[in-house]
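Input: a single structure, listed below in structure tokens.
Computed from a predicted model, the values in this text were never measured in an experiment. Convention: sequence-line order gives letters A, B, ...; per-chain numbering from 1.
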Amino acid sequence: MPELPEVQTVVNSLGALINKKIIKFSYSWEKVIYNFSTKKFKDLIKSHTIKNITRKGKYIILHLNDSYLVCHLRMTGYLYLSKDLPTDNRHTRCYFILNNKEYLIFKDIRKFGGFYFYTSLSDLNKKIGIDPFDNLFNKNWLKNNLKRKKRMIKHLLLDQKFICGLGNIYIDEILWKSRIHPKSNSQNIKNTSFLYDNIISILKDSIAFHGTTIMNFTFDNMKTGNYKNKLNVYGRNGLPCNSCSKSIIKQRVAGRGTYICTYCQQ
DNA sequence: CCCGATGTTCGATT
DNA sequence: AAATCGAACATCGG
């Protein structure tokens, strides 16, 4: 579920974490910590103060005194602050107790999400590419780097090592608005400037609407995103294209369910 | 009941 | 280098 706008929405909802201290870590699913055993992680995390919260791609980054607590929500992760522990713990995988007696709670239906502990961000930066809101990501960057690759555009945009943060929903939306067929070769894309504008504007627009809730995405005590009503292709199989009125089709591209207007996107 | 699909990522294989 | 596939899981719908 969560792509860049949803992750940014979560980051925005966690501002109250700043300057709070982590007192204790508790878990019920061992694999919720990706790069350490939970035993080791407990030691590492204790008594750290959260200095800042940022995001890169789909990763949430809590800046600690001299280290980083990084969270990835994968498909169904839900990270939120609460004065109380959940009454329904079916999907609670772990939580942190803070010095003000509040809880940072991580629920995750499908158990794919979790946390990394890093002493530097270099591992993370090596793993993923440029963020769309990075100053270095501009029209020239996109033009030059699309030219360097010979890949189906949808496949390339899904690759987090290329650009990080885009996922299945927003790529379909961006390619529809850009009038680009998802199977197009990245080298042959003519209007890269228009594609750039649509990447930025669609992400910004969705952030303003707190992201898209299709099935499971919630933030800040069960709030949901409202961008779903603004989707032009995703999930609109068989419905008329908002530009030409011909039928939206669904087809598998790069192994993912993909929504296309074959008239607008040649 | 079984099968397929779901917004992500990783690693193996072609 | 690029593309496909299965796995990590749970849930829902046909």
Notebook entry, point to check: Which is true for A:R148 with a 4.0 Å heavy-atom rule: it touches a base, it touches only sugar-phosphate, or it touches nothing?
Noted result: nothing
Check: Using a cut-off of 4.0 Å on non-hydrogen atoms, how would the nucleic acid contact of A:K250 be classed: base, sugar-phosphate, or nothing?
Finding: sugar-phosphate
Margin query: Once you apply a heavy-atom cut-off of 4.0 Å, does A:K127 come out as touching a base, just sugar-phosphate, or nothing?
Written below: sugar-phosphate
Notebook entry, point to check: Which part of the nucleic acid, if any, lies within reach of A:Y59 when heavy atoms closer than 4.0 Å are counted: base, sugar-phosphate only, or nothing?
Noted result: sugar-phosphate
Notebook entry, point to check: In whole Å, what separates the P atom of B:dG4 from that of C:dC5?
Noted result: 14 Å
Margin query: What contact category does A:G255 fall into here, base, sugar-phosphate, or nothing, at under 4.0 angstrom with non-hydrogen atoms?
Written below: nothing
Notebook entry, point to check: Under 4.0 angstrom, heavy atoms only, what part of the nucleic acid is A:I214 near: base, sugar-phosphate, or nothing?
Noted result: base
Next item on the list: Look only at the side chain of A:Q8 and the backbone of A:R55, and say whether a donor-acceptor pair between them is shorter than 3.5 Å.
Entry: no
Item checked: Check: B:dT8 base within 3.5 Å donor-acceptor of A:R110 side chain -> no
Item checked: Spacing of A:F112 atom CZ relative to C:dG6 atom C1', expressed in whole Å -> 12 Å
Item checked: Length of the line joining A:D88:CG and C:dA10:C1', which is rounded to integer Å -> 14 Å
Check: Going by atom types only, do A:T38 and A:Y27 share a side-chain donor-acceptor pair under 3.5 Å?
Finding: yes
